[in-house]
Amino acid sequence: IQVTGVTEQEAIGNNFLDYVAECSRDETHRALQEAFEGKAFATFEVVMSACGGDGRPRGESPVFLLSAAPRLTADGDIVGVICIGQDITTLRELETKKLQFAATVTHELRSPLHGIIGLSDNILSRGGHKH
């Protein structure tokens, strides 16, 4: 509730996929379907929608690492699915910043080298002689 901004009252009775971002909906649906068929599903990432089931904006789109498993009765009948998740939004943001930083550093290191290489080529093409 704290991470998604969706209250318990808003979530009860609604389809979980209504709260999942479009980019994660197919994989999430497949994982939940397999759990309903009796197969435990290993971890998968789910990007939650910035809007709730009612379409109202909720702010940022949190990212969760979820595991899904069937909920069984004592007789082994499937009565639901249990999902356990961890909020990895901050981890994803840090990874993005790390990649952006690496790209910037790489670009900045290449830029001065282009100038040095250009000047070196110019000096070599003149044969090292003053004109």
Side-chain angles (χ1 to χ4, degrees):
I1 293 173
Q2 292 176 348
V3 177
T4 63
V6 178
T7 67
E8 182 179 350
Q9 297 303 327
E10 291 173 311
I12 291 175
N14 289 319
N15 186 336
F16 175 69
L17 292 175
D18 290 343
Y19 299 98
V20 175
E22 188 67 35
C23 62
S24 294
R25 206 166 280 159
D26 288 342
E27 182 181 7
T28 304
H29 182 266
R30 184 173 47 85
L32 294 176
Q33 186 64 38
E34 286 187 18
F36 273 113
E37 292 169 0
K39 303 171 197 159
F41 199 88
T43 57
F44 59 101
E45 284 190 25
V46 176
V47 178
M48 301 303 289
S49 177
C51 295
D54 59 3
R56 292 184 314 187
R58 305 240 184 251
E60 296 293 318
S61 296
V63 182
F64 290 97
L65 188 61
L66 292 182
S67 294
R71 181 171 179 240
L72 306 173
T73 64
D75 297 328
D77 296 326
I78 299 171
V79 293
V81 171
I82 297 173
C83 288
I84 297 174
Q86 177 181 2
D87 181 6
I88 60 169
T89 307
T90 303
L91 179 64
R92 288 292 166 253
E93 290 170 353
L94 288 173
E95 285 179 4
T96 300
K97 288 178 183 179
K98 181 178 91 174
L99 291 173
Q100 290 171 343
F101 177 76
T104 300
V105 168
T106 301
H107 174 75
E108 293 302 322
L109 287 175
R110 286 184 180 163
S111 296
L113 290 177
H114 288 299
I116 293 168
I117 291 169
L119 290 172
S120 299
D121 287 344
N122 191 14
I123 291 170
L124 290 174
S125 70
R126 292 188 202 176
H129 300 292
K130 291 183 181 179
H131 292 283

Starting at CZ of Arg92, measure out to OG1 of Thr96 and round the result to the nearest 0.5 Å. 8.5 Å
Approximate separation, where rounding is to 0.5 Å, of Lys97 NZ and Thr104 OG1: 13.0 Å
Which heavy atom in Asp18 sits nearest to a heavy atom in Arg25, and how many Å separate them? O-NH2, 4.3 Å
Straight-line distance of Glu95 CD to Thr90 OG1, nearest 0.5 Å: 11.5 Å
Is it the case that atom CG in Leu91 sees more than 12 heavy atoms from other parts of the structure closer than 6.0 Å? yes
Looking just at side-chain N and O atoms, do Thr73 and Asp75 make a donor-acceptor pair shorter than 3.5 Å? no
Least distance between heavy atoms, Glu45 atom then Glu27 atom: O-OE1, 4.0 Å
Drop me the distance from Leu66's CG to Ile88's CD1, to the nearest 0.5 angstrom. 9.0 Å
Side chains of Cys83 and Leu32 in contact at under 4.5 Å (non-hydrogen atoms): yes
Do you know which two heavy atoms are closest between Ala35 and Pro70, and how far apart they sit? O-CB, 3.2 Å
In this structure, would Val81 and Phe44 fall into the same cluster of hydrophobic residues linked by side-chain contacts under 4.5 Å? yes
I'd like to know whether Gln33 forms a side-chain contact (heavy atoms from CB on, under 4.5 Å) with Arg30, so could you lay out the CA-CA distance, the side-chain angles of the two residues, the decisive distance to 0.1 Å, and finally the verdict. CA-CA 5 Å; Gln33 186 64 38; Arg30 184 173 47 85; 5.7 Å; no
Would Ile84 and Leu65 show up in the same hydrophobic cluster when neighbours are defined by side-chain heavy atoms closer than 4.5 Å? no
With the 4.5 Å side-chain cut-off for hydrophobic clustering, are Phe36 and Tyr19 part of the same group? yes
Reference residue Leu17; test side chain to side chain contact (heavy atoms under 4.5 Å, CB included); the match among Thr28, Val46, Asp26: Thr28
Any non-hydrogen side-chain atom of Leu72 less than 4.5 Å from a side-chain atom of Asp77? no
Are more than 12 heavy atoms from other residues, nucleotides or ligands located less than 6.0 Å from atom CZ of Arg71? no
Rounded to the nearest 0.5 Å, the CG atom of Leu94 sits from the OG1 atom of Thr89 at a distance of 11.0 Å
Smallest heavy-atom separation, Thr43 atom then Ser67 atom, equals CG2-OG, 3.2 Å
